[in-house]
Amino acid sequence: MSYETILVEQRGAVTLVTLNRPQALNALNSAVLADLLDAFAKFDADASQGCAVLTGGEKAFAAGADIKEMSSQGFADMYGSNFFAGWEGFTRTRKPVIAAVAGFALGGGCELAMMCDFILAADTAKFGQPEVKLAVAPGMGGSQRLARAVGKAKAMDMCLTGRMMGAEEAERAGLVSRIVPAADLVEEAVKTAATIAGMAPLSVLANKELVNAAFETTLAQGVQFERRLFHGLFGTADQKEGMAAFVEKRPGNWTGK
Ligand code: CAA
(Lines give C-alpha, C1' and ligand atoms only; values in the text may rest on other atoms or scores of the structure.)
Protein backbone atom coordinates (compact mmCIF):
# COMPACT_ATOMS: atom_id res chain seq x y z
CA MET A 1 0.00 0.00 0.00
CA SER A 2 1.44 3.41 -0.86
CA TYR A 3 0.71 6.66 0.95
CA GLU A 4 0.95 10.34 0.10
CA THR A 5 2.99 11.44 3.12
CA ILE A 6 4.77 8.39 4.53
CA LEU A 7 6.80 5.42 3.29
CA VAL A 8 6.12 1.99 4.76
CA GLU A 9 8.48 -0.93 4.41
CA GLN A 10 8.57 -4.34 6.08
CA ARG A 11 11.99 -5.62 7.09
CA GLY A 12 11.30 -9.12 8.33
CA ALA A 13 9.08 -8.73 11.38
CA VAL A 14 9.80 -4.99 11.64
CA THR A 15 7.64 -2.31 10.02
CA LEU A 16 9.67 0.79 9.16
CA VAL A 17 7.54 3.92 8.71
CA THR A 18 9.26 7.05 7.37
CA LEU A 19 7.64 10.48 7.44
CA ASN A 20 8.02 11.81 3.92
CA ARG A 21 7.22 15.50 3.49
CA PRO A 22 10.82 16.74 3.31
CA GLN A 23 9.83 20.02 1.62
CA ALA A 24 7.93 20.95 4.82
CA LEU A 25 10.43 19.32 7.24
CA ASN A 26 7.81 16.59 7.77
CA ALA A 27 5.29 19.02 9.28
CA LEU A 28 2.34 17.01 10.52
CA ASN A 29 -0.90 17.82 8.72
CA SER A 30 -4.23 15.97 8.48
CA ALA A 31 -2.96 13.83 5.59
CA VAL A 32 0.02 12.62 7.68
CA LEU A 33 -2.32 11.75 10.54
CA ALA A 34 -4.67 9.80 8.24
CA ASP A 35 -1.73 7.94 6.65
CA LEU A 36 -0.15 7.07 10.01
CA LEU A 37 -3.45 5.88 11.50
CA ASP A 38 -4.01 3.58 8.54
CA ALA A 39 -0.42 2.26 8.48
CA PHE A 40 -0.30 1.59 12.22
CA ALA A 41 -3.74 -0.09 12.25
CA LYS A 42 -2.44 -2.44 9.53
CA PHE A 43 0.80 -3.01 11.45
CA ASP A 44 -1.13 -3.90 14.61
CA ALA A 45 -3.39 -6.31 12.69
CA ASP A 46 -0.56 -8.06 10.82
CA ALA A 47 0.52 -11.14 12.80
CA SER A 48 3.82 -11.29 10.86
CA GLN A 49 4.90 -7.92 12.33
CA GLY A 50 6.22 -7.57 15.88
CA CYS A 51 7.59 -4.06 16.29
CA ALA A 52 7.62 -0.79 14.33
CA VAL A 53 10.13 2.02 13.86
CA LEU A 54 8.88 5.53 13.10
CA THR A 55 11.50 7.84 11.63
CA GLY A 56 11.81 11.01 9.60
CA GLY A 57 14.64 12.49 7.55
CA GLU A 58 18.20 13.59 8.25
CA LYS A 59 17.28 17.23 8.80
CA ALA A 60 13.99 16.70 10.59
CA PHE A 61 12.07 13.95 12.29
CA ALA A 62 9.21 16.46 12.15
CA ALA A 63 9.30 20.24 12.66
CA GLY A 64 5.88 20.33 14.26
CA ALA A 65 2.23 20.41 13.42
CA ASP A 66 1.66 22.11 10.07
CA ILE A 67 1.53 25.81 10.95
CA LYS A 68 0.18 26.68 7.48
CA GLU A 69 -2.78 24.32 8.00
CA MET A 70 -3.60 25.88 11.39
CA SER A 71 -2.86 29.57 10.92
CA SER A 72 -6.29 30.69 9.69
CA GLN A 73 -8.34 28.51 12.04
CA GLY A 74 -10.44 30.03 14.82
CA PHE A 75 -11.55 28.68 18.17
CA ALA A 76 -14.83 27.32 16.76
CA ASP A 77 -12.95 25.40 14.05
CA MET A 78 -10.43 23.93 16.47
CA TYR A 79 -12.85 23.12 19.29
CA GLY A 80 -15.64 22.06 16.93
CA SER A 81 -13.43 19.55 15.10
CA ASN A 82 -11.62 18.55 18.31
CA PHE A 83 -8.41 19.28 16.39
CA PHE A 84 -5.50 16.91 17.23
CA ALA A 85 -7.80 14.43 19.04
CA GLY A 86 -7.19 11.97 16.20
CA TRP A 87 -3.59 11.50 17.37
CA GLU A 88 -4.92 9.54 20.32
CA GLY A 89 -5.62 6.78 17.78
CA PHE A 90 -1.88 6.50 17.18
CA THR A 91 -1.24 6.03 20.91
CA ARG A 92 -3.64 3.07 20.92
CA THR A 93 -1.20 0.99 18.82
CA ARG A 94 -0.77 -2.15 20.92
CA LYS A 95 2.55 -3.40 19.55
CA PRO A 96 5.71 -1.44 20.36
CA VAL A 97 6.75 1.56 18.28
CA ILE A 98 10.28 2.99 18.49
CA ALA A 99 10.85 6.60 17.43
CA ALA A 100 14.17 7.03 15.61
CA VAL A 101 14.84 10.77 15.71
CA ALA A 102 17.45 12.70 13.72
CA GLY A 103 17.40 16.49 13.35
CA PHE A 104 14.45 18.58 14.47
CA ALA A 105 11.70 17.06 16.62
CA LEU A 106 9.81 20.22 17.45
CA GLY A 107 6.28 20.87 18.69
CA GLY A 108 4.09 18.10 17.29
CA GLY A 109 7.27 16.32 16.12
CA CYS A 110 8.54 16.06 19.70
CA GLU A 111 5.03 15.11 20.81
CA LEU A 112 4.77 12.36 18.18
CA ALA A 113 8.17 10.98 19.23
CA MET A 114 6.95 10.95 22.85
CA MET A 115 3.77 9.08 21.82
CA CYS A 116 6.06 6.24 20.72
CA ASP A 117 7.23 3.72 23.32
CA PHE A 118 10.79 4.98 23.44
CA ILE A 119 13.05 7.29 21.50
CA LEU A 120 16.41 6.46 19.95
CA ALA A 121 18.16 9.72 19.12
CA ALA A 122 20.80 10.46 16.51
CA ASP A 123 23.57 12.73 17.78
CA THR A 124 21.98 15.41 15.54
CA ALA A 125 18.57 15.27 17.26
CA LYS A 126 17.06 18.48 18.61
CA PHE A 127 13.91 18.41 20.70
CA GLY A 128 11.69 21.34 21.58
CA GLN A 129 8.21 22.60 22.33
CA PRO A 130 8.40 26.02 20.64
CA GLU A 131 4.62 26.65 20.50
CA VAL A 132 4.95 29.53 22.96
CA LYS A 133 6.81 31.44 20.23
CA LEU A 134 3.68 31.12 18.05
CA ALA A 135 1.55 32.44 20.90
CA VAL A 136 0.00 29.03 21.52
CA ALA A 137 0.89 25.98 23.64
CA PRO A 138 1.52 22.29 22.94
CA GLY A 139 -1.67 20.58 21.75
CA MET A 140 -0.67 16.97 21.06
CA GLY A 141 0.23 16.05 24.63
CA GLY A 142 3.64 17.73 24.86
CA SER A 143 3.18 19.57 28.14
CA GLN A 144 1.98 16.35 29.79
CA ARG A 145 4.33 13.77 28.28
CA LEU A 146 7.40 16.02 28.49
CA ALA A 147 6.70 16.77 32.16
CA ARG A 148 6.38 13.06 32.88
CA ALA A 149 9.54 12.25 30.90
CA VAL A 150 11.92 14.96 32.13
CA GLY A 151 10.28 16.41 35.25
CA LYS A 152 8.79 19.81 35.99
CA ALA A 153 11.90 22.02 35.92
CA LYS A 154 13.06 21.03 32.46
CA ALA A 155 9.54 20.77 31.03
CA MET A 156 8.76 24.30 32.25
CA ASP A 157 12.08 25.56 30.86
CA MET A 158 11.39 23.96 27.45
CA CYS A 159 7.73 25.03 27.19
CA LEU A 160 8.18 28.58 28.51
CA THR A 161 11.32 29.50 26.55
CA GLY A 162 10.68 27.36 23.47
CA ARG A 163 14.40 26.48 23.42
CA MET A 164 15.75 23.33 21.83
CA MET A 165 17.47 20.52 23.71
CA GLY A 166 20.22 18.51 22.00
CA ALA A 167 20.59 14.74 22.07
CA GLU A 168 22.97 14.63 25.04
CA GLU A 169 20.79 16.80 27.22
CA ALA A 170 17.77 14.74 26.15
CA GLU A 171 19.53 11.53 27.16
CA ARG A 172 20.62 12.98 30.52
CA ALA A 173 17.05 14.14 31.14
CA GLY A 174 15.58 10.71 30.35
CA LEU A 175 13.71 11.80 27.22
CA VAL A 176 15.63 9.37 24.99
CA SER A 177 16.82 5.87 25.75
CA ARG A 178 20.08 6.03 23.76
CA ILE A 179 22.10 8.18 21.35
CA VAL A 180 23.56 6.66 18.20
CA PRO A 181 25.60 8.20 15.36
CA ALA A 182 23.22 9.73 12.80
CA ALA A 183 24.51 7.46 10.04
CA ASP A 184 23.55 4.35 12.05
CA LEU A 185 20.21 5.57 13.41
CA VAL A 186 17.73 3.66 11.27
CA GLU A 187 19.77 0.45 11.19
CA GLU A 188 20.21 0.55 14.97
CA ALA A 189 16.49 1.21 15.49
CA VAL A 190 15.52 -1.64 13.13
CA LYS A 191 17.97 -3.96 14.92
CA THR A 192 16.46 -3.03 18.28
CA ALA A 193 12.95 -3.51 16.87
CA ALA A 194 13.96 -6.94 15.48
CA THR A 195 15.14 -7.95 18.97
CA ILE A 196 11.72 -7.00 20.36
CA ALA A 197 9.90 -8.70 17.47
CA GLY A 198 11.83 -11.88 18.34
CA MET A 199 10.25 -12.10 21.82
CA ALA A 200 7.02 -13.98 22.58
CA PRO A 201 4.29 -11.68 21.17
CA LEU A 202 1.87 -11.78 24.12
CA SER A 203 4.63 -10.99 26.60
CA VAL A 204 5.64 -8.01 24.44
CA LEU A 205 2.07 -6.67 24.52
CA ALA A 206 1.95 -7.22 28.28
CA ASN A 207 5.26 -5.46 28.93
CA LYS A 208 4.16 -2.42 26.93
CA GLU A 209 0.80 -2.29 28.69
CA LEU A 210 2.49 -2.56 32.09
CA VAL A 211 5.03 0.21 31.62
CA ASN A 212 2.29 2.48 30.24
CA ALA A 213 0.16 1.71 33.30
CA ALA A 214 2.88 3.26 35.46
CA PHE A 215 1.85 6.65 34.04
CA GLU A 216 -1.88 6.17 34.62
CA THR A 217 -2.22 4.51 38.03
CA THR A 218 -1.11 4.73 41.63
CA LEU A 219 1.92 2.58 42.59
CA ALA A 220 -0.27 0.09 44.48
CA GLN A 221 -2.71 -0.27 41.56
CA GLY A 222 0.16 -0.57 39.10
CA VAL A 223 1.92 -3.26 41.11
CA GLN A 224 -1.36 -5.17 41.48
CA PHE A 225 -2.00 -4.91 37.73
CA GLU A 226 1.55 -6.11 37.04
CA ARG A 227 1.14 -9.14 39.30
CA ARG A 228 -2.18 -10.10 37.70
CA LEU A 229 -0.80 -9.81 34.18
CA PHE A 230 2.27 -11.80 35.26
CA HIS A 231 -0.07 -14.52 36.57
CA GLY A 232 -2.07 -14.35 33.32
CA LEU A 233 1.02 -15.02 31.18
CA PHE A 234 1.26 -18.43 32.88
CA GLY A 235 -1.86 -19.31 30.89
CA THR A 236 0.09 -19.05 27.62
CA ALA A 237 1.83 -21.81 25.69
CA ASP A 238 4.75 -19.45 25.09
CA GLN A 239 5.44 -19.23 28.86
CA LYS A 240 5.80 -23.03 28.95
CA GLU A 241 8.01 -22.89 25.87
CA GLY A 242 10.11 -19.96 27.17
CA MET A 243 10.91 -21.59 30.48
CA ALA A 244 11.49 -25.03 28.90
CA ALA A 245 13.83 -23.44 26.35
CA PHE A 246 15.82 -21.81 29.15
CA VAL A 247 16.21 -25.12 31.00
CA GLU A 248 17.13 -26.95 27.77
CA LYS A 249 19.59 -24.16 26.80
CA ARG A 250 17.99 -23.45 23.41
CA PRO A 251 16.14 -20.49 21.86
CA GLY A 252 12.38 -20.32 22.38
CA ASN A 253 10.10 -21.17 19.49
CA TRP A 254 7.04 -18.93 19.89
CA THR A 255 3.50 -19.60 18.73
CA GLY A 256 1.95 -16.37 20.01
CA LYS A 257 -0.51 -18.46 22.04
N1 CAA B 1 4.64 23.80 9.62
C2 CAA B 1 4.59 24.10 8.30
N3 CAA B 1 5.69 24.27 7.55
C4 CAA B 1 6.88 24.14 8.17
C5 CAA B 1 7.00 23.84 9.53
C6 CAA B 1 5.80 23.66 10.27
N7 CAA B 1 5.82 23.33 11.57
N8 CAA B 1 8.32 23.80 9.84
C9 CAA B 1 8.99 24.06 8.71
N10 CAA B 1 8.13 24.26 7.69
C11 CAA B 1 8.44 24.58 6.30
C12 CAA B 1 8.91 26.03 6.16
O13 CAA B 1 7.81 26.91 6.11
C14 CAA B 1 9.69 25.95 4.86
O15 CAA B 1 8.77 25.94 3.80
P16 CAA B 1 8.99 26.92 2.52
O17 CAA B 1 10.27 26.41 1.91
O18 CAA B 1 7.78 26.70 1.69
O19 CAA B 1 9.15 28.30 3.07
C20 CAA B 1 10.32 24.56 4.93
O21 CAA B 1 9.55 23.81 5.86
C22 CAA B 1 11.76 24.59 5.41
O23 CAA B 1 11.80 25.27 6.68
P24 CAA B 1 12.77 26.51 6.97
O25 CAA B 1 13.08 27.26 5.72
O26 CAA B 1 12.17 27.29 8.10
O27 CAA B 1 14.08 25.72 7.45
P28 CAA B 1 15.22 26.26 8.42
O29 CAA B 1 16.33 25.27 8.32
O30 CAA B 1 15.53 27.68 8.15
O31 CAA B 1 14.57 26.20 9.90
C32 CAA B 1 13.30 25.19 11.70
C33 CAA B 1 14.22 24.96 10.47
C34 CAA B 1 14.09 25.88 12.80
C35 CAA B 1 12.83 23.83 12.17
C36 CAA B 1 12.11 26.06 11.26
O37 CAA B 1 11.52 25.52 10.10
C38 CAA B 1 11.03 26.17 12.31
O39 CAA B 1 11.19 26.89 13.28
N40 CAA B 1 9.87 25.48 12.11
C41 CAA B 1 8.71 25.59 12.94
C42 CAA B 1 8.92 24.90 14.28
C43 CAA B 1 7.69 25.05 15.14
O44 CAA B 1 7.33 26.14 15.52
N45 CAA B 1 7.02 23.93 15.45
C46 CAA B 1 5.83 23.92 16.24
C47 CAA B 1 4.62 23.97 15.35
S48 CAA B 1 3.10 24.18 16.27
C49 CAA B 1 2.76 22.67 16.92
O50 CAA B 1 3.45 21.71 16.67
C51 CAA B 1 1.56 22.61 17.82
C52 CAA B 1 1.41 21.33 18.58
O53 CAA B 1 1.45 21.25 19.77
C54 CAA B 1 1.14 20.09 17.89
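Counting starts at 1 for both ligands and their atoms, in listed order. Note that the structure is a prediction, hence the values are computed from the model and not measured.
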Could you tell me the residue and atom name of the protein heavy atom closest to [atom], and the distance to it rounded to 0.1 Å?
atom	value
atom 10 (N) of ligand 1	Ala24 O, 3.7 Å
atom 17 (O) of ligand 1	Gln23 O, 4.5 Å
atom 48 (S) of ligand 1	Leu134 CD1, 3.7 Å
atom 29 (O) of ligand 1	Lys59 NZ, 2.6 Å
atom 8 (N) of ligand 1	Ala63 CB, 3.5 Å
atom 37 (O) of ligand 1	Leu25 CD1, 3.7 Å
atom 54 (C) of ligand 1	Glu111 OE1, 3.0 Å
atom 18 (O) of ligand 1	Lys68 NZ, 3.4 Å

Measure from [atom] to the protein's non-hydrogen atoms and state whether any distance is below 4.0 Å.
atom	answer
atom 42 (C) of ligand 1	yes
atom 45 (N) of ligand 1	yes
atom 23 (O) of ligand 1	yes
atom 27 (O) of ligand 1	yes
atom 39 (O) of ligand 1	no

Starting at [atom1] of [X], measure out to [atom2] of [Y] and round the result to the nearest 0.5 Å.
X	Y	atom1	atom2	result
Cys110	Ile119	SG	CD1	6.5 Å
Ser177	Leu120	OG	CG	4.5 Å
Gln129	Met156	CD	CE	13.5 Å

Quiz item: Looking at residues at least two apart in the chain, or sitting in another chain, which of them share a ring-ring contact (aromatic ring centres under 6.0 Å, His included) with Phe83?
Solution: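 Listed in chain order: nothing, the list is empty.
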Quick check: [X] and ligand 1, any N/O pair under 3.5 Å apart?
X	answer
Met164	no
Phe104	no
Gly107	no
Phe84	no

Show which atoms of ligand 1 fall inside a sub-4.0 Å distance from at least one heavy-atom site of [X].
X	result
Met140	53 (O), 54 (C)
Ile67	1 (N), 2 (C), 6 (C), 7 (N), 41 (C), 44 (O), 47 (C)
Pro138	53 (O)
Gly139	52 (C), 53 (O)

Quiz prompt | ILVMFWY network linking Ile196 to Leu202, side-chain heavy atoms under 4.5 angstrom | solution =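 They do not share one cluster, since no chain of ILVMFWY contacts under 4.5 Å joins Ile196 to Leu202.
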Quiz item: Out of curiosity, does Leu112 fall in the hydrophobic cluster containing Phe40 (side-chain heavy atoms, cut-off under 4.5 Å, transitive links)?
Solution: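 Linked within one cluster.
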Quiz item: Of all the heavy atoms in Gly142, does at least one lie under 4.0 Å from an atom in ligand 1?
Solution: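 No, Gly142 has no heavy atoms under 4.0 Å from ligand 1.
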Quiz item: Is the count of non-hydrogen atoms from other residues, nucleotides or ligands lying under 6.0 Å from Glu4 atom CD greater than 12?
Solution: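 12 or below, so no.
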Exercise. Just do the side-chain contact (heavy atoms from CB on, under 4.5 Å) check on Leu36 and Leu19 with the steps written out, would you?
Key: CA-CA 9 Å; Leu36 285 177; Leu19 299 166; 4.1 Å; yes
Quiz item: Would Phe90 and Val97 satisfy side-chain contact (heavy atoms from CB on, under 4.5 Å), going step by step from the backbone distance to the final call?
Solution: CA-CA 10 Å; Phe90 175 79; Val97 184; 4.2 Å; yes
N/O donor-acceptor pairs under 3.5 Å from side chains in residues 228-239, not counting sequence neighbours:
unit_1	atom_1	unit_2	atom_2	d
Arg228	NH1	His231	ND1	3.2
His231	ND1	Arg227	O	3.4
Thr236	OG1	Leu233	O	2.7
Thr236	OG1	Gln239	N	3.1
Asp238	OD1	Thr255	N	2.8
Asp238	OD1	Thr255	OG1	3.2
Asp238	OD2	Gly256	N	2.8

What part of [X] sits under 4.0 Å from ligand 1 if we count only heavy atoms: the side chain, the backbone, both or neither?
X	value
Ala27	side chain
Leu28	neither
Glu69	neither

Practice problem: Give a yes or no on whether a salt bridge exists between Arg148 and Glu216, defined as a side-chain N under 4.0 angstrom from a carboxylate O. | Solution: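 Salt bridge between Arg148 and Glu216, a charged N being under 4.0 Å from a carboxylate O: no.
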Quiz item: Is Glu187 salt-bridged to Arg11, cutoff N-O under 4.0 Å?
Solution: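 Looking at Glu187 and Arg11, the cut-off is met.
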Exercise. Look only at the side chain of Thr55 and the backbone of Ala100, and say whether a donor-acceptor pair between them is shorter than 3.5 Å.
Key: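 Side chain of Thr55 to backbone of Ala100, a donor-acceptor pair under 3.5 Å: yes, one is there.
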Quiz item: Side chain of Lys95, backbone of Ala197: donor and acceptor closer than 3.5 Å?
Solution: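 Not confirmed, Lys95 side chain does not pair with Ala197 backbone.
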Self-check item: Close side-chain approach of Val32 to Ser30, heavy-atom, < 4.5 Å
Solution: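 They are not in side-chain contact.
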Quiz prompt | Option whose closest heavy atom lies nearest to atom 35 (C) of ligand 1, chosen from Asn29, Val132, Leu106 | solution =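 The nearest heavy atom belongs to Leu106.
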